[in-house]
Amino acid sequence: MSTPRAFRFGVNMIVAQSRTEWIGKCRRAEELGFDVLGVADHLGMPAPFPAMTIAAEATERPRLTTFVLNAAFYNPVLLAREAAAVDRFTDGRVGLGLGAGYVKEEFEEAGIAFESGGKRVEHVEHTVRTLRRLFADPEYRPQPAQPSGPPLLIAGWGDRLLSVAARHADIVAFTGAGAAADGGPMLLAGAKKLSERVGYVRDALGDRADQVEYNLLLQKVVGREESATLLESYRPAFTEEAAADPHDVPTLLIGSPETAADRLRELRERFGISYFTVLEDSMEAFAPTLALLR
């Protein structure tokens, strides 16, 4: 039996409206022990790359990542320039997370066509191939600090995007939820579906299976006393499987820090997931669990 990967923990941050507040949040995340500070990419929020640069200046240890960029919003060549520059200015602390985008209203607001899922996935792969090609060129400028460029995380749930992730990603991020084809709300899946998705990726990875890290985004972290309220609030966002056994939904972490730590050990053993990301509103609640797993 192979030795399990060491745990890594990220927090996906909503960038504050002031530099001072943003620096304070980043330093607090570092103080709590998070390994990775993620920056979300949605309209109405500050742009990710400037936020990552400030986060790097404010902290010493955590890596910085986009979690995740809506690839459809970016020209791949211009994105390579942005990513390489930020990697250079942060001394190689940057990772690049990519997704296909799913919020139809954001596409409409940006004046960008909300293409079919297949076309959005094709653009993700085109983006990745362009980044890899440029960063592999010793004459490319600006040169990223990391020799092959920032490590690539690709987040997805459906076959097409997970296939792209299996071909190209350093980190496969399982969203734990799927969006409707028309850009509707995400629905949280149960453990059986996650097992099937992980199995799909393992088969697709082939010889790369031992080289790729698995990530899971945890939607909420709460104590046992809050579980009933939490599960009731999430009920409309459950798939049929999740609704049948809500306590086994992998993206909801419920219970004491000790119970939560055991749950993450179980998920690592069961699915090979070693890199967990929480949303900012669960950062403080998750900190005792993080400490137990060090």
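All values below come from the heavy atoms of this structure, side chains included, with hydrogens, waters and symmetry mates left out. One-based numbering along the sequence shown.
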Keeping [X] on the side-chain end and [Y] on the backbone end, is there a donor-acceptor pair under 3.5 Å?
X: Glu241; Y: Ala189; value: no
X: Ser227; Y: Gly223; value: no
X: Ser282; Y: Ala285; value: no
X: Lys193; Y: Gly176; value: no

Between [X] and [Y], is there shared hydrophobic-cluster membership here, with clusters defined by ILVMFWY side-chain heavy atoms closer than 4.5 Å?
X: Met186; Y: Met45; result: no
X: Leu264; Y: Val11; result: yes
X: Leu131; Y: Leu69; result: yes
X: Val86; Y: Leu152; result: yes
X: Phe34; Y: Ile171; result: no

So that I can tick it off, tell me whether [Y] and [X] are bridged by a salt bridge, with the cut-off set at under 4.0 angstrom between side-chain N and carboxylate O.
X: Lys119; Y: Glu122; value: no
X: Asp137; Y: Arg132; value: no
X: Asp248; Y: Lys192; value: no
X: Asp281; Y: Lys220; value: yes
X: Arg129; Y: Glu125; value: yes

For [X] and [Y], which heavy atoms make the closest approach, and how far apart are they?
X: Gly97; Y: Thr65; value: N-OG1, 3.7 Å
X: Ala100; Y: Asn70; value: O-OD1, 3.7 Å
X: Ala83; Y: Pro150; value: O-CG, 4.2 Å
X: Pro236; Y: Leu187; value: O-CD2, 3.9 Å
X: Pro48; Y: Ala40; value: CG-O, 3.9 Å
X: Ala166; Y: Leu205; value: O-CD2, 3.4 Å

State whether the number of non-hydrogen atoms from other residues, nucleotides or ligands found under 6.0 Å of [X] atom [atom1] is greater than 12.
X: Glu240; atom1: CD; answer: no
X: Glu60; atom1: CD; answer: no
X: Phe89; atom1: CZ; answer: no
X: Glu226; atom1: CD; answer: yes
X: Asp210; atom1: CG; answer: no
X: Glu31; atom1: CD; answer: yes

Which label fits Phe7 and Phe276: parallel for a plane angle under 30°, tilted from 30 to 60°, or perpendicular past 60°? tilted
Look at the aromatic rings of His123 and His126 and report parallel, tilted or perpendicular, splitting at 30° and 60°. tilted
Nearest 0.5 angstrom please: Leu64 CG to Leu96 CG, how far? 12.0 Å
Roughly how far apart are Leu43 CG and Asp41 CG, rounded to 0.5 Å?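 Going from CG on Leu43 over to CG on Asp41, the span is 8.0 Å.
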Evaluate side chain to side chain contact (heavy atoms under 4.5 Å, CB included) for His168 paired with Val164, printing each intermediate quantity in order. CA-CA 6 Å; His168 301 290; Val164 172; 3.9 Å; yes
Is the NZ or CZ atom of Arg202 positioned over Tyr214's six-membered ring, under 6.0 angstrom from the centre and within 45° of the axis? no
Is it possible for you to check whether Arg197 lies under 6.0 Å from the centre of the six-membered ring of Tyr200, through NZ or CZ, and within 45° of that ring's axis? yes
Evaluate side chain to side chain contact (heavy atoms under 4.5 Å, CB included) for Asp35 paired with Arg63, printing each intermediate quantity in order. CA-CA 6 Å; Asp35 303 292; Arg63 292 187 59 80; over 6 Å; no
Going through the checks in order, is the side chain to side chain contact (heavy atoms under 4.5 Å, CB included) test met by Arg81 and Tyr140? CA-CA 10 Å; Arg81 180 181 66 169; Tyr140 177 72; 4.0 Å; yes
Side chain to side chain donor-acceptor pair (under 3.5 Å) partner of Thr59, the single match among Glu30, Arg27, Arg93: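 Per the side chain to side chain donor-acceptor pair (under 3.5 Å) rule, the option paired with Thr59 is Arg93, out of Glu30, Arg27, Arg93.
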Please walk me through it: do Phe9 and Phe286 pass ring-ring contact (aromatic ring centres under 6.0 Å, His included)? CA-CA 10 Å; Phe9 302 107; Phe286 184 71; 5.4 Å; yes
Decide whether Thr130 and Thr127 meet the rule of one side-chain donor and one side-chain acceptor closer than 3.5 Å.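 Their side chains do not contain a donor-acceptor pair, so the 3.5 Å distance test is not met.
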Any donor-acceptor pair under 3.5 Å linking the side-chain atoms of Thr289 with those of Arg263?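 No, no side-chain donor-acceptor contact under 3.5 Å.
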Non-hydrogen side-chain atoms of [X] and [Y] separated by less than 4.5 Å:
X: Arg270; Y: Ser195; result: no
X: Val221; Y: Val278; result: yes
X: Val128; Y: Ile154; result: yes
X: Tyr275; Y: Arg268; result: no
X: Thr251; Y: Leu216; result: yes

